[in-house]
2 protein chains.
Amino acid sequence: MPGAFSSDDEVELRQAERDVNAVFIDESFDFEALLAVSNVFRAATAVRSHMEREVLARHQLGWSAFVVLFVLRVWGPKQSNELASEAGITGGTLTGVLNTLERRGLVKRAEHPTDGRRLVVSPTAKGRRTIDEIMPVFNQHEAIVTSGLTGDDRTQLARLLRTVLRTLDTEV
Amino acid sequence: MPGAFSSDDEVELRQAERDVNAVFIDESFDFEALLAVSNVFRAATAVRSHMEREVLARHQLGWSAFVVLFVLRVWGPKQSNELASEAGITGGTLTGVLNTLERRGLVKRAEHPTDGRRLVVSPTAKGRRTIDEIMPVFNQHEAIVTSGLTGDDRTQLARLLRTVLRTLDTEV
DNA sequence: ACAATATCGTTCGGTAGCGAACGACATCGC
DNA sequence: GCGATGTCGTTCGCTACCGAACGATATTGT
């Protein structure tokens, strides 16, 4: 979303609001909602690319590959289905991510013992070692990224975002 | 990031914290930072896919194509450089997005009058019509997505996220 | 039993998305 | 006035990412 919407400068922000309203002339236009959505998206992009550049790049891992590996490390072997949902990606995307991870020897696919449709994914020893190496640095950068916020702010932020997530879950 | 981290259930959340701490044994592990980052990312993904599904799909536009078109509609012809920065994508990505938009006849590339390196991008009439049609619905969905928040909450959310963005801007 | 139905993971076509390398053009220093 | 340096947009290789279609396997209803 446009950079002007995440400006710190109140004057610039109000100018952007005027610019938008000049084009979309509508009494019910909700600029605050636009700002909130816009900033959620910009922050996510900025955080993600920061993490990929500063932490994940040297391990040749993208964000999703990292998340999948993290889930497997903490909660152990998982079936593909649940893994996709935990990682917040679709099944089709997971197939690609698993191909990448398997090629690098970080993950292993295995058949489900009783259900022929299912697939069980496990981290390899190398996969566990990799995530153990990454995680402390990753978390350190999470702390850096949120260092402008007080403890209360962080909790508040998480709460507000959970509200948005809950709305989306139930609204659809 | 793992779905457990955005749970509304406090018990489940604390269990997830225990699970993580059981694996990454580290006194200084910052779970609140993990939660904040995780939720920013999950919320952004959820919002984006909601918008793409409910609003943009019928116009065959992805998020970035929409943002680029929006910027051009509100602020008029722009040079490629600034356009990428406003839309929050890199130059390489913009080239692809512009190809898509140009193929659909929503945007036009033109040479800069004096500087041979530069490129000026303008919306076509069809491009303006398209965004004018989309925007009211889009904004309505932005309002829906944030309908669980009070007015104060929205402002607060935008403020907290701007703080994160500012941290990332200056920290790097 | 056994067809209808549901649920898996994968495939496919399309759109992003990044960083690095590249070639075209501009500008600066002298 | 012309090389060194900087700044454009594009290309390239790679990784994602989605929804729809697909084939294989399970389950359910009767």
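Within every chain, numbering begins at 1; the chains are lettered A, B, ... in the order of the sequence lines, protein sequences first and strands thereafter.
Taking atom CD of Glu111(B) as the reference point, atom P of dA24(C) lies 15 Å away to the nearest angstrom. The interatomic distance linking Leu83(A) (CG) with dT10(C) (P) rounds to 11 Å, in whole Å. His112(A) has its NE2 atom 9 Å from the P atom of dA26(D), to the nearest Å. At whole-Å resolution of the value, CG in Asn99(B) and P in dG14(C) are 15 Å apart. Put simply, CG on Leu56(A) is 14 Å from C1' on dA16(D), counting in whole angstrom units. Taking atom CH2 of residue Trp63(B) and atom C1' of nucleotide dA16(D), one finds them 18 Å apart after rounding to whole Å. Per the geometry, CD belonging to Glu82(B) stands 14 Å off C1' belonging to dT7(D), to the nearest Å. Across the protein-nucleic acid pair, Arg118(A) atom CZ and dT27(D) atom P stand 8 Å apart, rounded to whole Å.
For dA16(C), the OP1/OP2 oxygens have a side-chain nitrogen or oxygen of Thr100(B) closer than 4.0 Å. Contact annotation: Arg48(B) side-chain N/O to dT15(C) OP1/OP2 distance is not under 4.0 Å. Taking side-chain N and O atoms only, Asn81(A) has a distance below 4.0 Å to OP1 or OP2 of dG9(C). Listed pair Arg109(A) / dT10(C) meets the phosphate criterion, a side-chain N or O lying under 4.0 Å from OP1 or OP2. Residue Arg103(B) has a polar side-chain atom (N or O) positioned under 4.0 Å from OP1 or OP2 of dT15(C).
Pairs engaging residues 21-30 of chain A under the salt bridge (Lys or Arg N to Asp or Glu O under 4.0 Å) rule: Asp30(A)-Arg154(B) [sequence neighbours left out]. Applying the salt bridge (Lys or Arg N to Asp or Glu O under 4.0 Å) test to residues at least two apart or on different chains, the pairs with a partner in residues 69-83 of chain B are Arg73(B)-Asp132(B), Lys78(B)-Glu82(B). Screening residues 120-131 of chain B for side-chain hydrogen bond (donor to acceptor under 3.5 Å, both in side chains), with sequence neighbours left out, gives no hits. Among residue pairs with one or both ends in residues 91-106 of chain A, those qualifying as salt bridge (Lys or Arg N to Asp or Glu O under 4.0 Å) are Glu102(A)-Arg109(A); sequence neighbours excluded.
Using cut-offs of 30° and 60° for the angle between ring planes, the Phe41(A) and Trp63(B) rings count as tilted.
Nucleic acid contact for Ala57(B): none, since no nucleic acid atom lies under 4.0 Å from a heavy atom of the residue.
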Protein proximity profile, nucleotides 18-25 of chain D - base contact B, sugar-phosphate-only contact S, no contact -, cut-off 4.0 Å on heavy atoms: BS-----B

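Residues from residues 72-80 of chain B that place a heavy atom under 4.0 Å from any atom of DNA chain C: there are none.
Proximity of a side-chain donor or acceptor of Thr167(A) to a complementary backbone N or O of Thr163(A) within less than 3.5 Å is detected.
Partners of His59(A) under the ring-ring contact (aromatic ring centres under 6.0 Å, His included) rule, at least two apart in sequence or in another chain, do not exist in this structure. Applying the side chain to side chain donor-acceptor pair (under 3.5 Å) test to Glu133(A) and every residue at least two apart in sequence or in another chain returns nothing. Residues meeting the ring-ring contact (aromatic ring centres under 6.0 Å, His included) test with Phe29(A), sequence neighbours left out: none.
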